[in-house]
*Asks:* 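I'd like to ask you about the structure that follows.
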Amino acid sequence: MVNAILIILGVFVAVFAVLVIIDLIKAKKNNVRYHFKHCVSSYLMLAPAVTLAFVFVVLPIIFSLGYAFTDYRMSRPNNIQFVGFENFADLFKEISNKGELYHAIINTLIFVVCVVPLQIGLALFLALFTNRKKPGVKIFKVCFFSPVVISLTVTSYLWLQILAPNESGLLNSLLATFGVGPIDFLADKNTAMLWIVLMSAWQGCGYQMLIFSSGLTGIRDDLYEAASLDGANWWGKFIHVTLPGLKPTILYVLVTVFIGACRVMIQPMLMTGYQLHTVTLSYYMYQLGFTSQFIGLSSAVALIMTIVIGTITFIQRKVLK
Amino acid sequence: MTDEKTSEALQTQVQEDYTSVKIPKDKKKIVLDVIWYIVGAILSLIFVLPILYMLAVSTKSQLAADQATGIGLFLPDFANLGTFFENYRKVFTDYGIWRNALNSLIYAAIAIVLNILVNGLAGYVLSKFNFPGKKLFTFLVLFLITVPVETSIVPMYTIVTQVLKLNGKLAVVGVILPSVINIFNIFLFMQFFESIPKDYEEAARIDGATDLGIFFKIILPLSKPIVATVAVFCFIGVWNDYLWPMMLLTGNEELMPIQAVLQTIQNIDGVTTGEIMASLVVTSLPIFIIYVVAQKYIVQGFGSAGLKL
């Protein structure tokens with residue numbers, strides 16, 4: 001592995017050296033002079049950031065790419081064999097056999113398809129709802145934002161108590177007054193993922209609401225007045241003024257919420273543990289790589305995920321631009 | 001004559017129409033406002049009730065929590081106000097959560113200082129200096145902002161434990177270092193520093209200041225808003241981080257940050273719901289304080305988030 005790092009480092013230094021020489025030749029042609037002292041201090045001041053970025057940003061990405069084509073296991077780090085596309089073949093076999101990976105894909109799809117429109121729609125609604133100058137509107141905003149303040153870990157543990165299967169759970173004790181239950185919400189194959197969706201949207205949408213709110217203040221008032229003069233009702237104003245004005249904000253929120261949703265893992269991890277009906281792609285990848293120590297296979301999952309997420313985000317940006 | 005009459009009649013007719021239209025319009029507005037407030041209150045309750053529940057249960061004994069019904073679910077146990085902080089006392093002294101809270105604070109403080117130094121210096125160099133090979137670094141910054149990094153948490157783990165050999169207590173270094181480097185912060189600093197006029201540096205340079213001296217004495221003091229924004233988001237990030245410290249510090253519970261120790265508290269034999277809730281409240285409190293105190297910088301952060309695309 002150390003050899004691999006040296007090779008990567010070598011390539012990096014070589015690219016850097018070539019660019020430095022090109023810059024120096026260009027400088028000579030154009031009669032630009034670099035101050036030697038400034039150059040040295042520039043490199044020295046860049047060094048900590050470059051070192052850390054190399055170790056913790058660039059290397060993990062390149063390693064993840066490389067591991068995907070090996071049989072690397074954490075228990076025997078010194079005997080890594082190149083296996084070509086074998087990992088990917090294994091993963092496709094797992095999908096066609098409806099194994100854990102198949103469930104992980106289905107659950108992640110359910111989560112993304114439900115949470116992205118729900119969270120963004122809710123956030124946009126709340127932003128429009130609080131976009132009035134009325135006494136008390138600030139209290140509403142604080143209330144809607146309050147779940148953002150508690151972390152995902154705390155949210156998961158809190159809802160674990162709310163959804164507890166016995167009568168000490170809030171929801172079951174409320175249902176008990178109607179003579180229903182107790183229901184084990186998170187053990188139910190059909191509803192567990194939906195509860196995680198609801199909880200995540202509840203926790204996150206206040207954040208996007210604030211982003212939408214600051215986007216709304218950027219839309220000029222005279223556009224609304226002009227629309228009123230043209231006889232537009234609130235729906236017409238929403239379609240022809242608000243939405244076009246919010247386009248960059250919507251694009252940003254869509255991309256970030258989408259990427260975040262694809263990576264969902266803390267909620268099922270803390271609320272149900274590794275279960276077929278709630279396992280997600282990230283959780284599967286983590287379990288495979290960290291707990292079972294199949295780093296090669298896990299990296300293959302990561303590579304597929306990165307390609308799929310990257311492609312979809314690219315399309316979102318192209319379509320909405 | 002008849003014409004005048006008809007026109008008069010018309011006028012009163014119009015006036016009547018006007019008033020008869022106007023009154024319902026006002027009424028309509030009031031009704032809309034009332035609906036708006038009712039909808040707002042219901043929505044607010046949906047968002048706040050789970051949190052009120054957490055706060056209420058955290059002050060109750062298990063018995064009181066189990067017996068509460070209706071509105072009492074969201075209120076403290078008024079019959080036993082003497083034991084209001086009993087769960088908190090137990091979480092702090094018996095379960096020692098203060099140690100983990102302190103760990104989190106220390107990790108966050110180190111991460112914030114290093115984050116501003118490392119990324120600030122990089123942003124300073126890339127915005128203010130010209131040197132051969134600069135294009136490569138500028139390109140890398142712009143490229144790496146868009147790469148999803150979380151998918152590489154397992155390779156990062158192998159690098160920290162097997163290449164850097166940060167095992168046992170040394171793993172703490174591995175917990176902090178990845179949160180020190182933040183490519184997006186480099187980009188933020190670059191953007192901000194570029195807006196600082198060159199005159200300031202030149203004046204200092206004439207006075208004999210070094211490149212590093214200018215960064216500390218001129219650039220950083222002039223960039224307080226962006227430094228504060230970076231610090232606030234770095235704090236929230238480190239304080240809320242769960243998975244990464246959990247991976248590295250399993251077995252070293254005395255070094256764990258607070259989010260990772262929540263799991264341990266859940267699994268203690270005989271832990272009450274109230275104690276779990278108390279630990280959750282303690283974990284949320286610093287972030288709550290940050291949001292109240294540093295609101296301005298968080299909103300600023302939202303604004304800069306738009307730059308990401």
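Residue numbers begin at 1 in each chain, while the letters A, B, ... track the order of the sequences.
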*Asks:* Could you tell me if the ring centre of A:Trp159 sits under 6.0 Å from that of B:Tyr53?
*Replies:* no

*Asks:* Could you check whether any side-chain heavy atom of B:Ser279 comes within less than 4.5 Å of a side-chain heavy atom of A:Tyr157, counting everything from C-beta outward?
*Replies:* no

*Asks:* Among B:Lys135, B:Gln266, B:Met277, who wins on heavy-atom pairs under 4.5 Å with chain A?
*Replies:* B:Gln266

*Asks:* Which bit of B:Val160 is near chain A, if near means a heavy-atom gap under 4.5 Å: side chain, backbone, both or neither?
*Replies:* side chain

*Asks:* For residues A:Leu158 and B:Leu280, report the shortest heavy-atom separation together with the two atoms involved.
*Replies:* N-CD1, 3.7 Å

*Asks:* Between B:Thr158 and A:Tyr67, is the side-chain hydrogen bond (donor to acceptor under 3.5 Å, both in side chains) condition met? List the steps.
*Replies:* CA-CA 11 Å; B:Thr158 67; A:Tyr67 287 161; 3.2 Å; yes

*Asks:* Between B:Gln263 and chain A, with a heavy-atom cut-off of 4.5 Å, which part of the residue counts as in contact: side chain, backbone, both or neither?
*Replies:* both

*Asks:* Any idea which of A:Phe63, A:Tyr72, A:Phe144 has the most non-hydrogen atom pairs under 4.5 angstrom with chain B?
*Replies:* A:Phe144

*Asks:* Against chain A, work out which of B:Ile51, B:Thr273, B:Asn182 has the most heavy-atom pairs shorter than 4.5 Å and name it.
*Replies:* B:Ile51

*Asks:* With only heavy atoms counted, which part of B:Ile159 is less than 4.5 Å from chain A, the side chain, the backbone, both or neither?
*Replies:* side chain

*Asks:* Where do B:Phe47 and A:Phe145 land on the ring-ring contact (aromatic ring centres under 6.0 Å, His included) test, with the steps shown first?
*Replies:* CA-CA 8 Å; B:Phe47 279 87; A:Phe145 189 77; over 10 Å; no

*Asks:* At a heavy-atom separation under 4.5 Å, does B:Phe215 approach chain A through its side chain, its backbone, both, or neither?
*Replies:* neither

*Asks:* Select one option (side chain, backbone, both, neither) describing which atoms of B:Leu140 are under 4.5 Å from chain A's heavy atoms.
*Replies:* side chain

*Asks:* Go through the atoms of A:Ser173 and report whether side chain, backbone, both or neither lie under 4.5 Å from a heavy atom of chain B.
*Replies:* side chain

*Asks:* Quick one: what part of B:Met247 sits under 4.5 Å from any heavy atom of chain A, side chain, backbone, both or neither?
*Replies:* both

*Asks:* Heavy-atom distance under 4.5 Å to chain A: side chain of B:Ala65, backbone, both or neither?
*Replies:* neither

*Asks:* Side chain from CB out, backbone as N, CA, C, O: work out which of these in A:Leu44 comes under 4.5 Å of a heavy atom of chain B, or both, or neither.
*Replies:* neither

*Asks:* Is chain B contacted by the side chain of A:Lys134, its backbone, both, or neither, given a heavy-atom distance below 4.5 Å?
*Replies:* both

*Asks:* Of the backbone (N, CA, C, O) and the side chain (C-beta and beyond), which part of A:Ser298 lies under 4.5 Å from a heavy atom of chain B, both, or neither?
*Replies:* side chain

*Asks:* How close do B:Ile186 and A:Ala49 get, counting heavy atoms only, and between which atoms?
*Replies:* CD1-CB, 4.3 Å

*Asks:* Where does B:Lys134 contact chain A at under 4.5 Å (heavy atoms): side chain, backbone, both or neither?
*Replies:* backbone

*Asks:* Tell me if the CZ atom of B:Phe288 is crowded by more than 12 foreign heavy atoms within 6.0 Å.
*Replies:* no

*Asks:* Contact part of B:Phe74 toward chain A, heavy-atom cut-off under 4.5 Å: side chain, backbone, both or neither?
*Replies:* side chain

*Asks:* Quick check for you: to the nearest 0.5 Å, what is the distance between B:Lys128 atom NZ and A:His38 atom NE2?
*Replies:* 12.5 Å

*Asks:* Sort out for me which of B:Leu121, B:Ile236, B:Leu212 touches chain A most, counting heavy-atom pairs under 4.5 Å.
*Replies:* B:Leu121

*Asks:* Could you look at B:Leu164 and say if it's the side chain, the backbone, both or neither that has a heavy atom under 4.5 Å from chain A?
*Replies:* side chain

*Asks:* With a 4.5 angstrom heavy-atom cut-off, is it the side chain or the backbone of A:Cys262 that approaches chain B, or both, or neither?
*Replies:* neither

*Asks:* Nearest 0.5 Å, what's the CE-CG distance between A:Met45 and B:Leu117?
*Replies:* 12.5 Å

*Asks:* What residue among A:Thr155, A:Ile150, A:Ile162 forms side-chain contact (heavy atoms from CB on, under 4.5 Å) with B:Pro50?
*Replies:* A:Ile162

*Asks:* Quick one: of B:Thr161, B:Leu126, B:Ile287, B:Thr210, who has the most non-hydrogen atom pairs under 4.5 Å with chain A?
*Replies:* B:Ile287

*Asks:* Within a strict 4.5 Å, meaning less than it, do heavy atoms of the A:Cys39 and B:Pro132 side chains meet?
*Replies:* yes

*Asks:* Select, from A:Ile22, A:Leu281, A:Leu170, A:Val148, the one with the greatest count of heavy-atom pairs under 4.5 Å involving chain B.
*Replies:* A:Leu170

*Asks:* So does A:Ile139 have more than 12 non-hydrogen atoms from other groups sitting under 6.0 Å from CD1?
*Replies:* no

*Asks:* With a 4.5 angstrom heavy-atom cut-off, could you sort out which part of B:Trp239 is near chain A: side chain, backbone, both or neither?
*Replies:* neither

*Asks:* What part of A:Leu65 gets within 4.5 angstrom of chain B, counting heavy atoms only: side chain, backbone, both, or neither?
*Replies:* neither

*Asks:* Okay, side chain of B:Asp211, backbone of A:Ser41: is any donor-acceptor separation there less than 3.5 Å?
*Replies:* no

*Asks:* Suppose we call two aromatic rings close when their centres sit under 6.0 Å apart. Are A:Phe290 and B:Tyr157 close by that rule?
*Replies:* yes

*Asks:* Which answer fits B:Ile276, side chain, backbone, both or neither, if we ask what part of it has an atom under 4.5 Å from a heavy atom of chain A?
*Replies:* side chain

*Asks:* Under a 4.5 Å heavy-atom cut-off, does chain A meet the side chain of B:Ile183, its backbone, both or neither?
*Replies:* side chain

*Asks:* Could you look at A:Val55 and say if it's the side chain, the backbone, both or neither that has a heavy atom under 4.5 Å from chain B?
*Replies:* both

*Asks:* Is it the side chain or the backbone of A:Phe36 that comes within 4.5 Å of chain B heavy atoms, both, or neither?
*Replies:* neither

*Asks:* Under the side-chain contact (heavy atoms from CB on, under 4.5 Å) rule, what do B:Asp33 and A:Arg132 come out as? Steps first, then yes or no, please.
*Replies:* CA-CA 11 Å; B:Asp33 275 357; A:Arg132 306 180 70 181; 3.0 Å; yes

*Asks:* With a 4.5 Å cut-off on heavy-atom pairs, point out which of A:Leu270, A:Leu174, A:Leu152 contacts chain B the most.
*Replies:* A:Leu270

*Asks:* Go through B:Thr283, B:Leu243, B:Asn119 and name the one with the most non-hydrogen pairs under 4.5 angstrom from chain A.
*Replies:* B:Leu243

*Asks:* So which atom in A:Phe140 and which in B:Ser44 form the shortest heavy-atom distance, rounded to 0.1 Å?
*Replies:* CD2-OG, 3.2 Å

*Asks:* Which atoms of B:Val118 come close to chain A, meaning under 4.5 Å heavy atom to heavy atom: side chain ones, backbone ones, both, or neither?
*Replies:* both

*Asks:* Using non-hydrogen atoms only, which part of A:Tyr34 is less than 4.5 Å away from chain B: side chain, backbone, both, or neither?
*Replies:* side chain

*Asks:* How long is the gap from SG on A:Cys143 to CG on B:Leu43, to the nearest 0.5 Å?
*Replies:* 10.0 Å

*Asks:* Show your reasoning for whether ring-ring contact (aromatic ring centres under 6.0 Å, His included) applies to B:Phe131 and A:Tyr43.
*Replies:* CA-CA 9 Å; B:Phe131 53 90; A:Tyr43 292 136; 5.2 Å; yes

*Asks:* Just give me the residue among A:Val58, A:Leu19, A:Val154 that pairs up with chain B most often, heavy atom to heavy atom, under 4.5 Å.
*Replies:* A:Val154

*Asks:* Measuring from atom CG of B:Leu136 to atom CZ of A:Phe16, what distance do you get when rounded to the nearest 0.5 angstrom?
*Replies:* 7.0 Å

